[in-house]
Amino acid sequence: MYIAYSAIKHSTPQLPADKDTDEQQHSIRLKAYQATCNKFCKEIAAIQKYIPGWVPAYPVL
């Protein structure tokens, strides 16, 4: 039974990623990044006193 299930599971073709969905996810991540930077602007400024030009890393998935 496991062999039959495994064969069906692995033979399912992968659908290509939807471009609109990727763009929407990128837009959501960008908005979340900007909101987080705005929320922690004082902490970011304090870090930049010791490390000029430092910015939080943008989340790449």
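Every heavy atom of this structure was used, including side-chain atoms; hydrogens, water molecules and symmetry mates were not. Numbers here are sequence positions counted from 1.
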### Message
Holding to side-chain contact (heavy atoms from CB on, under 4.5 Å), I want the full list of residues that pass it with I51, two or more places apart in sequence or in another chain.
### Response
I47, W54

### Query
Excluding sequence neighbours, so at least two apart, what forms side-chain contact (heavy atoms from CB on, under 4.5 Å) with Y58?
H26, R29, L30, Y33, V60

Return a table of donor-acceptor pairs under 3.5 angstrom between the side chains of residues 36-45 and protein atoms on other chains or two or more places apart.
| residue | atom | partner | partner atom | Å |
| --- | --- | --- | --- | --- |
| T36 | OG1 | A32 | O | 2.8 |
| N38 | ND2 | Q34 | O | 3.3 |

